[in-house]
Structure formats: C-alpha cells, structure tokens
Amino acid sequence: MSTPVITRFAPSPTGALHLGNVRTALFNWLYARREGGRFLLRIEDTDRVRSDEAEVLALMGELAWLGLDWDAGPDREDAAGPYRQSARTERYARAFDRLEAAGAAYPCYCTPLELEVARRTQLASGRPPRYPGTCATLSAAERAARAAEGRPATLRFRVAPGEAIAYDDLVRGPQRFQSEDLGDFVIRRADGSAAFLFSNALDDAAMGVSHVLRGEDHVANTPRQRLIARALGAEPPRYGHLPLLVGPGGAPLSKRDGSAAVAELRAEGYLPDALLNLLGRLGHSYAEEGWLAREALVRGFELGALGRAPAHFDRAQLRHWQKEAVHRAPAALLEGWARGRVPPGQEAAFVAAVRANLELPVDAATWAHVVYGELPCAAGEIRDSIIGAGAPFYDAACAAVAAGAGYRELVAALKATGRAGAALFKPLRAALTQRADGPELAALLEIMPTSIVRARLEAARDLAMHPDTRPGSAL
RNA sequence: GCUCCCAUCGUCUAGAGGCCCAGGACACAGCCCUCUCAAGGCUGGUACGAGGGUUCGAAUCCCUCUGGGAGCGCCA
C-alpha cells in the first residue's frame with residue numbers, strides 16, 4: 001500500500017500574498033494534483049499573530065483566483081482539522097505536557113536580555129550563537145523557586161548532543177546536521193503560545209502531510225522539526241527546499257520590487273494562467289515548451305526538475321505569458337475589460353476589433369478612448385502626416401463618408417486622389433485615431449461611430465487647409 | 001564569526017565526461033509579411049565567474065578563490 005501524497009500550503013495571515021509564497025503554494029498544489037493526492041490549506045495564526053479574518057479571506061480569495069484549490073482548509077474542515085492554528089492550542093498544550101513529562105523539553109527562565117548577551121558574547125569570541133543550556137539542568141527545586149518568583153518561562157526542546165540528524169531533501173539531496181549545532185530551542189513562548197517550529201511540525205504530522213516544499217530559509221529548521229516529530233512519535237514529512245525568488249537586483253523579492261504582491265498583479269489585470277506559466281518555470285523547468293494549459297502544468301511537474309539556484313522574477317517574462325494568456329482568453333473575459341468603457345452593447349464588436357492590441361485592461365481603456373472618446377488636436381508627426389496628405393485628400397474622405405460610404409468605398413474614393421498603400425493609410429489612420437499604430441483600420445472603422453468619423457475627417461481637412469494654425473488655438 | 005547552499009546568454013532555463021566551438025524561451029537587432037502596431041516567419045549577437053587539477057577528452061568530477069544566497073530568535 002503506497003502512502004497517499006498530501007501536501008499543504010501553510011501561510012501566516014500577515015501581509016499580502018507574495019509571489020514567492022504563491023510559487024511555494026503552486027508547487028505543492030502541482031505535486032498533489034500530479035500525484036492524485038490532497039492539497040491542504042492551513043492558516044498559521046498562532047496566538048501571537050492574531051488571526052485577521054479579512055487577511056485570511058483575502059488569502060483564500062487569491063488562491064482561489066489562481067485556481068489553486070484545496071481539499072481541506074479553514075472553510076472546508078474535515079477530521080484532520082481544524083485548519084487554523086489558533087483553534088489548535090489545546091493540542092499543542094497536551095503535546096507540551098507530554099514532552100515536558102518525558103524530559104524531552106524543559107522550562108527555561110532566561111530572559112531575552114540574558115540570551116541576547118550570551119549570543120553577543122559567543123559571536124564576539126568567534127563562536128556560533130547557541131543556547132548555553134543554563135536552564136537545561138535545573139533541579140525540580142530550582143525550577144520551583146524560579147516559578148515562585150513569578151519568572152516567566154519558555155519551554156525548550158532538549159537536543160541531545162552527539163547525534164547526527166540526516167534526511168534526504170527532495171530538492172537538495174542528502175542532508176546531515178550535527179545535533180550540537182542545533183542547541184536547545186524554544187517550542188513554547190513565555191506567553192504560552194506555540195512557536196512556529198513546533199506547531200508547524202506537529203500539525204504536519206497530525207494532518208498526515210507527506211511532502212513539504214518550502215523556501216530554503218527553512219533548511220535549518222528541518223532537523224529540529226524532525227526531532228520534534230520523533231519525540232511526538234510521528235513520521236515527519238519528506239521535505240524539499242526551494243531556492244528563493246529574487247528581484248531584478250538579485251536581492252530577495254520584496255514589496256519594493258514592483259508588484260511582487262499577487263493582489264496588485266491581479267488588479268492590473270494579469271491573468272492567473274499567465275502567472276502560473278511564469279511561476280511554474282521559476283526554479284523548475286518543464287520539458288514541454290511554450291504555453292502550458294492547466295492540465296499540462298500539472299502533468300509536466302517533476303520534483304526532479306526543481307532547481308537549486310535562486311531565480312529572478314522578470315516583468316518582461318510575465319508580460320510575455322500575459323500576451324499568451326490574453327491570446328487564448330475567451331472573448332467574454334476581454335469584454336469584461338471593455339465594459340463601462342465602451343457604449344453598452346458594443347463590447348463584443350469592440351473586442352473583436354482591438355483584441356490583438358490588448359494585453360491588459362488599461363489597453364482596453366486606451367483603445368476605447370481612441371474609438372469613442374474625445375481626442376486632442378493633432379501634434380508632432382501625426383500632425384505632419386495629416387498636413388502632408390493635403391486638404392483634397394480629406395475632402396474626398398469627407399465627401400465619401402457624407403455619402404454613406406463604408407470602409408471599401410472610402411478607400412476607393414481615396415485611391416482616386418492618387419494615393420495608395422502607406423501613403424493612403426497612414427494619413428487616414430492619423431486623422432481617425434491620432435496614432436501611428438493600432439488595430440486594422442477596417443475593423444476600427446466598423447465600430448467607430450459615423451459622427452466621430454466625420455468629425456475627425458473634417459478636423460483633419462481643416463488642419464490640412466490651415467497648417468499654420470497652431471495646434472490647440474481656436475479658429 | 002560559524003554552518004549550509006548556489007554559480008550556463010541581460011533574464012528563465014536545457015545540459016547528469018565525448019551527441020556542446022553549448023540547445024530552447026523571453027528580451028534585443030535586422031529582414032520578410034503588412035496601412036501601422038501586435039501576431040507570425042526567417043536571421044543575428046550575447047553565456048559555461050576565475051585559477052588550478054583529474055582525464056585521451058570537462059559546462060559536466062575534485063580543490064582554491066571570487067561572487068551571490070540562506071541560517072545561526074520567545075519571526076514565521
């Protein structure tokens with residue numbers, strides 16, 4: 001009987017969901033889906049980090065938006081829950097008692113100041129900072145005395161020296177740590193709350209988590225968490241440590257690196273699949289090239305294809321995947337971008353016309369304005385282009401449009417002025433859109449209101465007739 | 001300071017001793033197509049951090065250096 005694959009994403013509800021976290025969530029999700037296992041969502045809101053419901057909701061909203069669905073979580077409880085740590089304090093308390101009774105953990109009365117001093121001294125003398133073990137060997141009487149003084153105590157996990165703790169990292173291969181290098185560590189804070197190391201390890205065990213992919217900043221936690229699991233009589237999950245995601249400068253990704261927050265990218269209009277195509281290749285490589293649909297993303301995910309070097313998040317690459325995503329997006333989605341920016345009922349026609357020029361919602365706004373909005377007086381090379389075409393050119397255009405000409409007739413009428421090709425279309429485009437680039441003119445003309453077409457052609461004619469008039473000045 | 005990890009085009013990466021004077025993608029440049037932009041097609045430049053080994057042969061193995069990163073909390 002093979003062990004079922006159970007992975008999890010265990011964020012702390014502090015601050016916005018970050019690209020680095022999302023990638024971690026994605027890899028765990030991909031692995032679970034790939035293996036036909038389960039993906040859990042656990043909120044790590046220990047008592048210290050007060051659960052902020054709004055934050056939890058936002059977090060779940062973003063995961064759901066990305067399509068990373070979870071089989072159990074705070075909103076889908078099951079027998080292994082509850083899935084928020086703030087609701088699990090009694091479990092931790094029982095475990096603390098057991099560990100303390102067994103001598104695997106002991107109360108420590110050292111103050112933060114004392115510990116800080118010890119750390120500095122060790123550092124100053126070139127030694128690695130470790131808990132000196134001050135309270136490790138206190139007798140029952142000594143403990144009672146300190147407790148009677150009302151001194152607050154943390155609970156420390158006792159690490160026996162002389163032991164090698166080895167495990168096989170899913171990403172980095174065989175790892176080996178010496179227990180002396182660990183030192184006794186705090187598993188319960190003075191306020192009684194469980195420390196991350198502990199609640200995280202206990203919950204993984206209690207929830208049957210089989211595989212954990214997490215950031216490499218957790219490497220050193222792994223031997224400690226294995227020790228905890230063993231003391232608890234539980235089987236620890238298999239751990240894999242991912243290289244961190246870094247920003248343009250090579251420094252770890254931070255909020256300053258422009259839109260590292262998922263919510264921000266979402267607000268800008270980036271599509272989930274664009275994000276996933278990018279993230280799935282940061283620190284991981286797919287054998288298959290090009291755009292990967294959801295199923296391909298899952299199918300092609302391999303633990304063996306996980307890298308060990310930090311990966312840069314690159315905006316240009318995101319934009320590329322966004323283009324791919326928009327290219328494949330259903331029209332209805334893009335029509336949503338147009339809604340409110342184009343006359344009601346025109347959404348579909350508008351999107352059909354400008355679709356190839358859309359990358360983000362802001363582009364829909366730009367083109368909607370070009371098609372339906374009020375344009376300023378022409379300037380620069382646009383102005384030159386219009387003047388260069390001459391008044392007769394626009395006279396012909398105005399006359400054709402006044403006679404009810406469609407695109408074909410309009411072009412035919414303009415060809416009669418002796419212009420063709422670029423010499424025809426460039427000034428026409430300039431007059432109609434005041435831009436040198438954009439969707440096909442035929443498509444644009446089809447959706448542009450006739451009144452606007454006429455007004456712009458007339459304005460161009462006037463400009464061509466009186467080129468000396470300063471742009472913007474009233475006649 | 002100590003421990004650990006990493007090091008291929010600007011970026012994401014392929015590469016697990018000869019298939020590599022290093023492949024793909026993004027970005028960039030040029031050309032084609034085209035009324036323009038985008039898309040598409042073609043072409044191009046740019047990389048194995050440095051130095052030593054091992055080997056008939058090294059991007060691939062070893063050592064040193066350099067450069068980056070992580071950790072050494074009553075933070076997660």
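What you see below is based on every heavy atom in this structure, not just the backbone, and it leaves out hydrogens, waters and symmetry mates. Letters A, B, ... are given to chains in the order of the sequence lines, protein chains preceding strands, and every chain is numbered from 1. The model shown is predicted, which means the values in this text are computed figures rather than measured ones.
- Note on A:Arg435: nothing from the nucleic acid sits closer than 4.0 angstrom, heavy atoms only.
- Nearest nucleotide to the side chain of A:Arg119, out of B:rC74, B:rG1, B:rG24: B:rC74.
- Under the Watson-Crick or G-U wobble criterion, with both distances below 3.5 Å, B:rC42 is paired with B:rG30.
- Between the side chain of A:Glu288 and the backbone N or O of A:Ala296 there is no donor-acceptor pair closer than 3.5 Å.
- In this structure, A:Glu324 and A:Leu441 both approach RNA chain B, and ranking their closest nucleotides by distance from the 5' end singles out A:Leu441.
- As a whole-Å value, the separation of A:Phe198 CZ from B:rC75 C1' is 18 Å.
- Within the nucleic acid shown, A:Ala195 has no heavy atom closer than 4.0 Å to any nucleic acid atom.
- Listed candidates were B:rC26, B:rG1, B:rC37. Nearest to the side chain of A:Asp437 is B:rC37.
- The CG atom of A:Leu245 sits 5.0 Å away from atom CG of A:Leu282, with the distance rounded to the nearest 0.5 Å.
- Figure legend: A:Arg188 and A:Tyr92 shown without cation-pi pairing, the cationic atom not lying both under 6.0 angstrom from the six-membered ring centre and within 45 degrees of its axis.
- B:rU55 is unpaired under the Watson-Crick or G-U wobble criterion, no partner having all donor-acceptor distances under 3.5 Å.
- Applying a 4.0 Å cut-off to non-hydrogen atoms, the residues of residues 275-283 of chain A that approach RNA chain B are A:Arg281, A:Leu282, A:Gly283, listed by residue number.
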| task | Apply side-chain hydrogen bond (donor to acceptor under 3.5 Å, both in side chains) to A:Arg429 and A:Thr433, showing your working. | result | CA-CA 6 Å; A:Arg429 174 179 293 280; A:Thr433 68; 4.9 Å; no
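- By the 30° and 60° cut-offs, the orientation of the rings of A:Tyr167 relative to A:His241 is perpendicular.
- In this structure, A:Asp169 atom CG and B:rG71 atom C1' are separated by 14 Å, rounded to whole Å.
- Looking at the side chain of A:Glu216, the nearest of the listed nucleotides B:rC74, B:rC72, B:rA70 is B:rA70.
- Comparing the P positions of B:rC19 and B:rG57 gives an interatomic distance of 15 Å, to the nearest angstrom.
- Atom-to-atom, CD1 of A:Ile187 to P of B:rA76 comes out at 14 Å; the value is rounded to the nearest Å.
- B:rA22 is unpaired under the criterion used here, namely a Watson-Crick or G-U wobble arrangement in which both key atom distances are under 3.5 Å.
- Between B:rC75 and A:Arg189, a contact under 4.0 Å exists linking OP1 or OP2 to a side-chain N or O.
- Residue contacts shown for A:Asn221 include a base, since a base heavy atom lies under 4.0 Å away.
- Residue contacts for A:Glu440: at a heavy-atom cut-off of 4.0 Å it reaches a base atom on one of the strands shown.
- Here, B:rA58 and B:rA50 have their P atoms 15 Å apart, quoted to the whole Å.
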| task | Go through A:Arg84 and A:Glu44 one step at a time and tell me if the salt bridge (charged side-chain N to carboxylate O under 4.0 Å, His left out) criterion holds. | result | CA-CA 6 Å; A:Arg84 14 167 53 107; A:Glu44 306 237 322; over 6 Å; no
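- Remark: C1' of B:rA76 and CG of A:Leu59 are 14 Å apart, rounded to the nearest angstrom.
- Within 4.0 Å (heavy atoms only), A:Asn357 reaches at least one base atom of the nucleic acid.
- Close placement of the A:Phe198 and A:Phe96 rings is indicated, their centers lying within 6.0 Å of each other.
- Distance noted for atom C1' between B:rC37 and B:rU46: 27 Å (whole Å).
- Cation-pi geometry between A:Arg435 and A:Trp367 is met: the NZ or CZ atom falls under 6.0 Å from the ring centre, inside 45° of the normal.
- Partner A:Asp204 forms a side chain to side chain donor-acceptor pair (under 3.5 Å) with one of A:Gln225, A:Arg42, A:His211 and no other, that one being A:Arg42.
- Nucleotide B:rG17: unpaired (no Watson-Crick or G-U wobble partner with both distances less than 3.5 Å).
- Across the strands present, B:rA70 finds its partner in B:rU3; the criterion is a Watson-Crick or G-U wobble pair with both atom distances under 3.5 angstrom.
- As judged by a 4.0 angstrom heavy-atom cut-off over every strand, A:Arg156 is placed among residues touching the sugar-phosphate backbone only.
- Among the heavy atoms of the strands lying under 4.0 Å from A:Ala311 are primed sugar atoms or P, OP1, OP2 only; no base atom is included.
- A:Tyr286 has its OH atom 18 Å from the C1' atom of B:rC26, to the nearest Å.
- When heavy atoms are screened at a 4.0 angstrom cut-off, A:Cys108 is found touching no nucleic acid atom at all.
- Along RNA chain B, the nucleotide nearest A:Arg308 and the nucleotide nearest A:Arg429 are compared for position; the residue whose nucleotide lies closer to the 5' end is A:Arg308.
- Here the nucleotide nearest the side chain of A:Glu289, chosen from B:rC35, B:rC72, B:rG24, is B:rG24.
- For A:Asp314 and B:rC26, a side-chain-to-base donor-acceptor distance below 3.5 Å is absent, hydrogens and geometry of angles not being considered.
- Atom-to-atom, CG of A:Asp217 to P of B:rC72 comes out at 9 Å; the value is rounded to the nearest Å.
- Between the CG atom of A:Leu244 and the P atom of B:rG71 there is a distance of 7 Å, rounded to whole Å.
- Residue contacts for A:Val219: at a heavy-atom cut-off of 4.0 Å it reaches no nucleic acid atom on any strand shown.
- When A:Tyr286, A:Trp29, A:Phe27 are each tested for a ring pair (Phe, Tyr, Trp, His ring centres under 6.0 Å) with A:Phe301, only one passes: A:Phe27.
- Checking B:rU11, B:rG1, B:rA7 against the side-chain heavy atoms of A:Pro129 singles out B:rG1 as nearest.
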| request: Determine, stepwise, if the pair A:Arg461 / A:Asp395 fulfils salt bridge (charged side-chain N to carboxylate O under 4.0 Å, His left out). | output: CA-CA 6 Å; A:Arg461 182 188 56 193; A:Asp395 267 333; 3.6 Å; yes
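- Distances shown here put every side-chain N or O of A:His312 at or beyond 4.0 Å from the OP1 or OP2 atom of B:rU11.
- Checking A:Thr89, A:Thr46, A:Ile187 one by one against A:Ser199, the side chain to side chain contact (heavy atoms under 4.5 Å, CB included) holds for a single residue, A:Thr46.
- Contacts of A:Pro439 with the nucleic acid, taken as non-hydrogen atoms under 4.0 Å apart, include base atoms.
- Among the protein residues, A:Ser285 comes within range of the sugar-phosphate backbone only, with heavy atoms under 4.0 Å from sugar or phosphate atoms but none that close to a base.
- For the P atom pair drawn from B:rC62 and B:rG73, the interatomic distance equals 31 Å after rounding to whole Å.
- Between A:Leu292 atom CG and B:rC12 atom C1' there is a gap of 13 Å when expressed in whole angstrom units.
- Nucleotide B:rC9 forms no Watson-Crick or G-U wobble pair with any nucleotide shown, as no partner meets the under 3.5 Å limit on both distances.
- A distance cut-off of 5.5 Å between ring centres, combined with a plane angle under 30°, places A:His218 in a stacking arrangement with the base of B:rA76.
- Figure legend. B:rU36 is base-paired to no nucleotide; pairs are counted as Watson-Crick or G-U wobble with both atom distances under 3.5 Å.
- Of all nucleotides listed (B:rC2, B:rC35, B:rC74), B:rC2 comes nearest to the side chain of A:Pro128.
- Between A:Arg172 and B:rG69 there is no side-chain polar atom (N or O) within less than 4.0 angstrom of OP1 or OP2.
- Nucleotides B:rA27 and B:rU64 have their P atoms positioned 41 Å apart, rounded to a whole Å.
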